[in-house]
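Got a structure for you, written out below as structure tokens; questions coming shortly.
As the structure lists them, so they are numbered: ligands from 1, and atoms in each ligand from 1. Residue indices begin at 1 and follow the sequence shown.
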Amino acid sequence: MSEELVYLDYAATTPVDSAVVDLMVSLMRGGAANASSSHLPGRRAAAAVATATGQLAELVNCDADRLIWTSGATESDNLAIVGAARYRERRGRHLITMPTEHKAVTDASSALEGQGFEVTWLTPKPDGLLDLAELENAIRSDTQLVSVMHVNNETGVVQDIGAIGELCRANDVLYHVDAAQGLGKLPIDLSTLPVDLMSFTAHKLYGPKGIGALYIADQPGCHVEPLLFGGGQQRRIRPGTLPVPLIAAFGLAAEIAMQTMQADLAHITALASRLWEGLRDLPGVHLNGSADQRFAGILNVSADDVEGESLMLALEPLCVATGSACNSQSQEPSAVLRALGRSDALAQSAIRFSIGRPTTSAEIELAVERYRDAVGRLRALAPGQAA
Ligand SMILES: *Cc1c(COP(=O)(O)O)cnc(C)c1O
């Protein structure tokens, strides 16, 4: 197919901003520099790290010394959940999370279940949102940690992290938020949010893969045991030689996001509205997740009587995700959509469109046209088959 690809998978990863690439390359070409060394190149590297830490701290309005650099949100989630559970295990071994979390949270929680911790899995309401009353009922005297994400990576549903955090603070329970999808797309103000631990990653925000961060609040009882041991960097919480070009790149991506967030959101919201307007009148098409408590950049749509993998192939040249990109090797229907009460068939027909800063209205028009055409063709080929 000679047609140009239309990338609508920004929730899986984003292209690296060209100013960010330039900065990264210039630092990589700049010669040897270990941010722990006290000679001049070392001090320059340390200064670049300090600048980047300040940029990310400003984006989320926290003190720079509350941020720990990691390899990405997977590591941040693991460090937060496993690290906090181990730090607080003498007080209790009970955690609360949801089946709709990213695998980095659910699998870290399951691993703890195998190590003598107890996990309560809260089923969301059909719109994907957490029921606060259910959370309140689930909190026990031995509960140490609640992990509920900001923007869901499959559906775009936005949890009320302020209300969840207040409930946790009132019960002396730590609150961890996976904010990989929301960072730099929706405002996050850690000076007012009652959140103890928050995970970030650069590559969902036009930065490179392989660099993330964990925010650890300056709160009593809020600390994590390290998962790695080594040269003592980052107050021993996450040792290892700092990847200065990646850190600087994340910092610049955060600064760009701070400047463009409002315009990005307006652009993405307008395109998403057009996309959904173009699809919603097709018979048997369903939006997955809340229609209003959502980040516009992720639109997850199921259709009666079609199968997701065939649909995705029929949608070429659109690059979209079916079920969860992280699960694309498996034929299992998305656990997230199943937890929202979708049937196996509807979950399997789901297509996730995700829109980014570079998306154009021409691409959205093509997506509408292709989706309508593909659903029509597949239904004509196998009427009622997938029902
Ligand atoms: C992408 C993503 C992750 C994993 O981040 P990596 O940096 O790729 O490890 C974790 N949680 C959510 C919600 C994500 O979207």
Exercise. Show which atoms of ligand 1 fall inside a sub-4.0 Å distance from at least one heavy-atom site of H203.
Key: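 With H203 as reference, the close atoms of ligand 1 come out as 6 (P), 7 (O), 8 (O).
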Quiz item: Ion pair present between E118 and R140, side-chain N to carboxylate O less than 4.0 angstrom?
Solution: yes
Exercise. Consider every N or O of Q181 and every N or O of ligand 1, then say whether any pair is closer than 3.5 Å.
Key: yes
Quiz prompt | Atoms in ligand 1 with a heavy atom of M149 nearer than 4.0 Å | solution = 13 (C)
Quiz prompt | Stacked cation flag R93 on F117, 6.0 angstrom / 45 deg | solution = yes
Self-check item: Contact (N/O only, under 3.5 Å) between A73 and ligand 1
Solution: yes
Practice problem: State the atoms of ligand 1, each with its element, that fall below the 4.0 Å cut-off from a heavy-atom position in A180. | Solution: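 Near A180, the atoms of ligand 1 are 2 (C), 11 (N), 12 (C), 13 (C), 14 (C), 15 (O).
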Exercise. Just say parallel, tilted or perpendicular for the rings of H223 and Y87, cut-offs at 30° and 60°.
Key: perpendicular
Quiz item: Against heavy atoms of D178, which atoms of ligand 1 measure under 4.0 Å?
Solution: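 Counting from 1, the qualifying ligand atoms are 10 (C), 11 (N), 12 (C), 13 (C).
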Quiz item: Do the charged groups of E134 and K125 touch, with an N to O distance under 4.0 Å?
Solution: no
Quiz item: Do F250 and F200 have ring centroids that are under 6.0 Å from one another?
Solution: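 No, the ring centres sit 6.0 Å or more apart.
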Quiz item: For Y175, is the NZ or CZ atom of R169 found under 6.0 angstrom from the centre of its six-membered ring and inside 45 degrees of the ring axis?
Solution: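 The answer is no, since R169 fails at least one limit relative to Y175.
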Quiz item: With only distance considered, is N153 within less than 3.5 Å of ligand 1 through an N or O on each side?
Solution: no
Self-check item: Those atoms of ligand 1 less than 4.0 Å from some heavy atom in G72
Solution: 7 (O)
Quiz item: Is it true that R357 and D264 have a side-chain N and a carboxylate O under 4.0 angstrom from each other?
Solution: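 Yes, R357 and D264 are salt-bridged.
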Practice problem: For K204, counting its heavy atoms only, list the atoms of ligand 1 lying under 4.0 Å from any of them. | Solution: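 Taking each heavy atom of K204 in turn, ligand 1 has 1 (C), 2 (C), 3 (C), 14 (C), 15 (O) under 4.0 Å.
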